[in-house]
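Notes follow the structure.
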Amino acid sequence: MPAAHVYVHVPFCARRCSYCDFSIAVRRTVPWRAFADRIAQELQQRHEPSRAVHTIYLGGGTPSRLGGDGVTAVLDAVRAVCTPHADAEITIEVNPEDVSEVTARAWVAAGVNRVSLGVQSFHDAVLQWMHRVHNAAAVPRALATLRDAGLVDVSVDLIFAVPKALDRDWARDLELALALEPTHVSLYGLTIEGGTPLGRWTARGEVFEAPEESYEAEFLRAHDTFTAAGFEHYEVSNYATPGYRARHNSSYWLGVPYLGLGPSAHGFDGQERRWNVAAYAEWDAQVRAGLDPCGGREVLTPENRLTESVYLGLRTTDGLHIEPSERTLVAPWEQAGWVTVARDGRLRCTAQGWLRLDALAGALTAGRSR
Ligand code: SF4
């Protein structure tokens, strides 16, 4: 069965954010027409069969930098092979500075019905430190414009655990996020990657990572705030109001096949993972030359599958079925309040447990591989 979920990596950004190590291409003028043509060519050169799809996700990078015409052209290119079901979820990642009445209406006309808005913080000083282009005032304006255009399903991205020296008021950021009445919230703990401006500042001793206690306290504060407001904490980093879980992202957590297009995009056919070359220029050149821009492949071994099934099971509220023989292993976790075990034998992490996800998944995997 061909994949029914499609991811397109749009690499263009206005500039590099201080913490970002994604595969991006900083461009003042975005070559949207050429990019859409390459996506169409990539689909053709990889001999992707026609199929009906449940989700299309334009991620990045900054897909909203494509503007109205560019998003339309890329979705048209995808639709040449992938026909969305009538109720398909079509998401684009958007930065607030790219939202205007014209672009928002064009996105809706192109079939977009979900937006993931890169907010990150409502503190101007924090946004500047992150090298974000927008300021806090741009966020409610962007949201109102999206809603006026008919986009109801809007997710908000927030970054927590920024260095203490920034004196960020996390509780205020959470309140302001709630005041926007999003349908969905994604939370990301700041990580310091080598090769980024933040990595260099840290290596020079100019910036200090937030301590682990702040990471935990901010995660738990967000958990309490959003769940008290009626959001379901359905995946370690994601909260949704009823009926608004992200269907595209859920396909990754369920381990179902998905197709990845564009530079650095990953795909999975149920047996094998593949990924495209990461650099935009290299991907562009390979596709123009009539080649499949594959950068690597990996067939999942039984060990990989075991690790993934445990990890993916534990990261959502669906949880993981455990055997009676594993009860002894998980009993201390239950006592510590990190997990619950339902009568049907499903193990589910609590918010405290999600903070220890890697360790819990590692212990279960080790037990199952013996
Ligand atoms: S906008 Fe997103 S992808 Fe682009 S540099 Fe910033 S964090 Fe990275």
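In each ligand, atom 1 is the first atom listed, and ligand 1 is the first ligand listed. Bear in mind that the values here come from a model prediction, so they are computed numbers and not experimental data. Side-chain atoms are counted along with the backbone in the values below, which use heavy atoms only and exclude waters and symmetry mates.
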(message) Which residues pass the salt bridge (Lys or Arg N to Asp or Glu O under 4.0 Å) test with Arg46, not counting sequence neighbours?
(response) Glu42, Glu48
(request) For atom 4 (Fe) of ligand 1, report each protein N, O or S atom nearer than 2.8 Å, sorted by chain and then by residue number. (result) Cys13 SG
(message) If the threshold is 4.0 Å, N to carboxylate O, is there a salt bridge linking Arg147 and Glu181?
(response) no
(request) Quick one: sort the His54 and His85 rings into parallel, tilted or perpendicular, breaks at 30° and 60°. (result) parallel
(request) List every atom of ligand 1 that sits less than 4.0 Å from any heavy atom of Arg132, numbering the atoms from 1 in the order shown and giving each element. (result) 1 (S), 6 (Fe), 7 (S)
(request) For the pair Asp153 and Arg247, find out whether any cationic side-chain nitrogen is under 4.0 Å from an anionic carboxylate oxygen. (result) no
(request) Taking only Lys NZ, Arg NE, NH1 and NH2, and the carboxylate oxygens of Asp or Glu, determine whether Arg245 and Glu235 approach each other closer than 4.0 Å. (result) no
(message) Can you tell whether the side chains of Asp224 and Arg221 come within less than 4.0 Å, N to carboxylate O?
(response) no
